[in-house]
Amino acid sequence: MVSTDRLLAFAALSFLLIIVPGPSVLFVIGRALAHGRRAALTTVLGNTLGAYLLVVAVALGVGSLVERSVLVFTTLKLAGAAYLVCLGVKAWRQRGSLRAAFTGEEAPPHSGLRTLWEGFAVGVANPKTIVFFAAVLPQFVDREHGHVTAQMLLLGLVFNLIAVLSDSVWGLVAATARDWFARSPRRLSAVGGAGGLTMIGLGVTVAVTGRKD
């Protein structure tokens with residue numbers, strides 16, 4: 001299996017990558033601002049499941065196709081960006097529903113399963129994570145010890161455990177700020193719009209950044 005030195009080195013590199021806010025973190029923050037703590041943590045869970053699916057893909061050899069093919073990578077990236085923009089536009093249009101939820105008025109439902117799926121979709125289409133798993137993860141595998149697939153799955157699990165902790169903190173902090181906004185109907189509508197604009201901006205950023213080849 002993976003040596004302790006390799007495992008610690010990978011964990012340190014993963015931590016440095018994760019603490020820098022990327023698409024996943026910004027999406028969690030947007031969900032926290034729009035729907036609160038529960039939605040933020042559900043989003044984190046979905047995001048982690050999506051990211052780990054990428055680990056499985058890399059471990060089985062599919063990740064090399066994404067890493068080597070500009071067309072496949074770009075298609076996946078643009079699909080994720082378009083999805084983020086659509087969610088952002090929807091959040092902007094429904095920004096008044098936040099005030100309705102706090103005043104007892106009827107608001108459009110946002111189920112836990114739907115939130116989980118949205119987090120999953122963002123996690124599996126995150127360009128930063130795709131590149132990291134496809135290009136960096138295999139470098140920490142000790143092929144002389146065998147069980148290459150198992151080593152990759154273990155390293156990916158370490159990455160995702162760190163991500164769960166980090167993303168949860170971001171989400172809870174953002175949800176706490178939302179509680180302050182909730183004291184005023186005008187602030188509440190503003191935070192709904194801010195969450196939508198954040199996701200739109202994130203989608204645009206994802207679309208225009210990434211691989212240059």
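Quantities reported herein were computed from a predicted structural model and do not represent experimental measurements.
- The structure places CG of D142 at 12.0 Å from CG of L7, a figure rounded to the nearest 0.5 Å.
- The shortest heavy-atom contact between S14 and I162 is CB-CD1, 4.2 Å.
- Nearest approach of V158 to A11, heavy atoms of both residues: CG1-CB, 4.0 Å.
- In this structure, R31 and T43 approach most closely via the heavy-atom pair CG-OG1, 3.3 Å.
- Taken together through direct or relayed side-chain contacts under 4.5 Å among Ile, Leu, Val, Met, Phe, Trp and Tyr, V55 and V141 form part of one hydrophobic cluster.
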*asked:* Please evaluate residues H35 and T42 with respect to the criterion side chain to side chain contact (heavy atoms under 4.5 Å, CB included), reporting the C-alpha separation (whole Å), side-chain torsions for both, the decisive distance (0.1 Å), and the verdict.
replied: CA-CA 11 Å; H35 300 284; T42 303; over 6 Å; no
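- How far CG of L54 is from CG of N160: 9.0 Å, rounded to the nearest 0.5 Å.
- Below 30°, between 30° and 60°, or above 60°: for F10 and F140 the angle between ring planes is above 60°, a perpendicular geometry.
- Under the 4.5 Å side-chain heavy-atom criterion for ILVMFWY residues, a single connected hydrophobic cluster contains both I18 and Y52.
- Criterion: ILVMFWY side-chain heavy atoms under 4.5 Å apart, direct or through other members. Under it, L155 and L49 are part of a common hydrophobic cluster.
- Taking all atoms of both residues into account, the shortest heavy-atom contact from A174 to A32 is CB-CB, 3.7 Å.
- Note that CE of M152 is 12.0 Å distant from CG of L154, once rounded to the nearest 0.5 Å.
- Rounded to the nearest 0.5 angstrom, D167 CG and L172 CG are separated by 11.0 Å.
- The two atoms that bring A39 and T115 nearest to each other are O-CG2, 3.4 Å, heavy atoms only.
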_Worked verdict on F120 versus N47 for side chain to side chain contact (heavy atoms under 4.5 Å, CB included)_ = CA-CA 4 Å; F120 176 87; N47 192 276; over 6 Å; no
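- Tracing side-chain contacts under 4.5 Å through hydrophobic residues (I, L, V, M, F, W, Y), one reaches L157 starting from F15; they form part of the same cluster.
- Taking CD of E118 as the reference point, atom CG of L113 lies at 10.0 Å (rounded to 0.5 Å).
- Side-chain rings of F133 and F159 approach one another, their centers coming within less than 6.0 Å.
- Placement of L161 and V58 within a single hydrophobic cluster is found when ILVMFWY residues are connected by side-chain heavy-atom separations under 4.5 Å, directly or transitively.
- With contacts defined as side-chain heavy-atom distances shorter than 4.5 Å, the pair V56/L60 qualifies.
- Considering all non-hydrogen atoms of both residues, S168 and V44 come closest at OG-CG1, 3.8 Å.
- For R6, the CZ atom sits in a packed shell: over 12 heavy atoms of surrounding residues, nucleotides or ligands are nearer than 6.0 Å.
- Here L13 contributes atom CG and L8 contributes atom CG; the two are 12.5 Å apart, rounded to the nearest 0.5 Å.
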